[in-house]
**Student:** 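Starting off with a structure, shown below.
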There are 2 protein chains.
Amino acid sequence: MSLRHGLLGLLAEGPASGYDLTQHFQTALGTVWPAQHPKIYAELTRLAEDGLIEVESLGPRGRKAYRITGSGLVEIRRWLAEEPVDHTLRQEPLLRAFFFWLMTPEQLDAHLRQEAAFFSAAAEQLRSFAAAKDRGEFGSAPPTQSVRIAIEAGIRLYGALAEWAEWARDAPPVLPERPGAEIID
Amino acid sequence: MSLRHGLLGLLAEGPASGYDLTQHFQTALGTVWPAQHPKIYAELTRLAEDGLIEVESLGPRGRKAYRITGSGLVEIRRWLAEEPVDHTLRQEPLLRAFFFWLMTPEQLDAHLRQEAAFFSAAAEQLRSFAAAKDRGEFGSAPPTQSVRIAIEAGIRLYGALAEWAEWARDAPPVLPERPGAEIID
DNA sequence: AGAGGACATGTGCCTAGGGACATGTGAAGA
DNA sequence: TCTTCACATGTCCCTAGGCACATGTCCTCT
């Protein structure tokens, strides 16, 4: 139930509407924790029922902004400090790697080339974002500094994956035997 | 629905029972794609209904081993070659990083120290596993070579996260202001 | 005046996944 | 003989998440 704490954390920065929060989850936070608006609105309702957030203001076009409450702040801090961290690397590119031997050498090389290109580009994009932050373009409030730290993790992870994909391309080519190869050959 | 393809990929190596597959998902594959036995048995039934796998043999204690079929092999290869890769870094440690500014400097330092220790240990464990593979202790069949490549990704990712956590500890300490700090202070 | 697009919030359905509960077998050792 | 443990397979329920569908408003530009 990390969406709950993601929303709570964002609201700790200041009041926001479901729409605002959806934007956050489609940009920076979205690469790490994707969430669509239906889930967000539903979770906000639940958080309000539980008294962790409350309606701050009503605006035009039905806009409803929420504000975090005292118990909400206590809860997000409790989560950060006490809840055990989930360390699983739940990444599809890694799952696929276990089955590379089922691809032809040509398919595998093309795949790894694409992956390397994607990961390099993603790392590069984050790097330029980080550079903008370091130039002070987004101020230096504590939340901004935390975003900078999170982005650094993204840079390093995507960078590591890009290098891995290149390494794998050069690794001793697999496949002396391929059971069932007749099916596609 | 990656569990489906994970099972298919494992069965491409040779026949196995739900119990065998559960073991796989609790060790190597499990760090990347956790799955419990109820899900695995259910998915095997569905895969068999769809003709992608079939019962290979019945053994003692109700053991039921499955074998991949021709269409199963076609499907796993189609998935590997054609399905777009999901690149999201869905990692809780990263989500938490966005909210580091809500922790006290002491909490944050302790947290990052623990994270660095965990990631280093995880990387080290994978490194020694990889070394054993490189010594040929598990043979050199194609599936083993793919596992080696997947492990390399794990080593690099955990290594990158360990270095990141150390970097973050040394990063300019945050928190001149902490809204709501009175709640816990 | 009308059209298009960004703003804004929801419902409903289906699948995936986690965890508790339930049951039974075969082998090894005390 | 009895106990314990690894082997082995499943059901059930609840929550999380993805996606399609539905609705309405305000502003800007033509």
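Hydrogens, waters and symmetry mates are skipped; everything else that's a heavy atom, side chains included, is used.
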**Student:** May I have the distance from A:Arg4 (atom CZ) to D:dA16 (atom P), rounded to whole angstrom?
**Tutor:**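 Rounded to whole Å, this separation is 8 Å.
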**Student:** Can you see which heavy atom on A:Gly18 is nearest to which on A:Ile40, and at what distance?
**Tutor:**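 For A:Gly18 and A:Ile40, the tightest heavy-atom pair comes out as O-CG2, 4.1 Å.
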**Student:** Can you tell me how far P of D:dT15 sits from CG of A:Leu47, to the nearest Å?
**Tutor:**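 From A:Leu47 CG to D:dT15 P: 15 Å.
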**Student:** What is the separation between atom CG on A:Leu7 and atom C1' on D:dA16, rounded to the nearest whole Å?
**Tutor:**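 Spelled out: CG on A:Leu7 to C1' on D:dA16 is 13 Å.
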**Student:** Taking all atoms of both residues into account, what is the closest heavy-atom pair of A:Trp33 and A:Leu3, and its distance?
**Tutor:**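 Smallest interatomic distance, heavy atoms only, reads NE1-N, 4.1 Å.
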**Student:** Give me each pair satisfying side chain to side chain donor-acceptor pair (under 3.5 Å) with a member in residues 83-99 of chain B, each pair once, sequence neighbours excluded.
**Tutor:**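 Counting only pairs at least two positions apart or across chains, the side chain to side chain donor-acceptor pair (under 3.5 Å) contacts touching residues 83-99 of chain B are A:Glu115-B:His87, B:Arg78-B:Glu83, B:Asp86-B:Thr88, B:Glu92-B:Arg96.
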**Student:** Strictly under 4.0 angstrom, non-hydrogen atoms only: write out the protein contact profile of nucleotides 16-25 of chain C, one letter per nucleotide from the 5' end, B, S or -.
**Tutor:** SBSBB----B
**Student:** Could you check how far CZ of B:Arg63 sits from C1' of D:dG10, rounded to whole Å?
**Tutor:**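 One finds 16 Å between C1' of D:dG10 and CZ of B:Arg63, rounded.
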**Student:** Without decimals, in angstroms, what is the distance between B:Leu95 CG and D:dA16 P?
**Tutor:**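 Going from B:Leu95 (CG) to D:dA16 (P), I get 15 Å.
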**Student:** Just the rounded figure in Å: distance from C1' of D:dT9 to CD of B:Gln23.
**Tutor:**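 Nearest whole value for this atom pair: 13 Å.
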**Student:** Separation of A:Leu58 atom CG from D:dT25 atom C1', in whole Å?
**Tutor:**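 Rounding to the nearest Å, CG of A:Leu58 and C1' of D:dT25 are 15 Å apart.
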**Student:** May I ask you to verify if any side-chain N or O of A:Tyr41 is less than 4.0 angstrom from the OP1 or OP2 atom of C:dG10?
**Tutor:**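 Answer no for this pair, as no side-chain N or O of A:Tyr41 is under 4.0 Å from OP1 or OP2.
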**Student:** Using whole Å, report how far CG of A:Leu44 lies from P of C:dG10.
**Tutor:**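 Value for this atom pair: 9 Å.
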**Student:** Any base atoms under 4.0 Å from B:Ser17, or only sugar-phosphate, or nothing? Heavy atoms, all strands.
**Tutor:**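 Counting heavy atoms under 4.0 Å across all strands, the contact made by B:Ser17 is with sugar-phosphate only.
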**Student:** How close do B:Ile155 and B:Ala130 get, counting heavy atoms only, and between which atoms?
**Tutor:**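 Scanning both residues completely, I find the closest heavy atoms to be CD1-CB, 3.9 Å.
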**Student:** Could you tell me whether the side chain of A:Ile53 reaches within less than 4.5 Å of the side chain of A:Arg67, counting heavy atoms only?
**Tutor:**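 Sidechains of A:Ile53 and A:Arg67: no contact.
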**Student:** Under the side chain to side chain donor-acceptor pair (under 3.5 Å) rule, what pairs show up with a residue in residues 151-166 of chain B, not counting sequence neighbours?
**Tutor:**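 Non-adjacent pairs meeting side chain to side chain donor-acceptor pair (under 3.5 Å): B:Arg148-B:Glu152, B:Glu152-B:Arg156.
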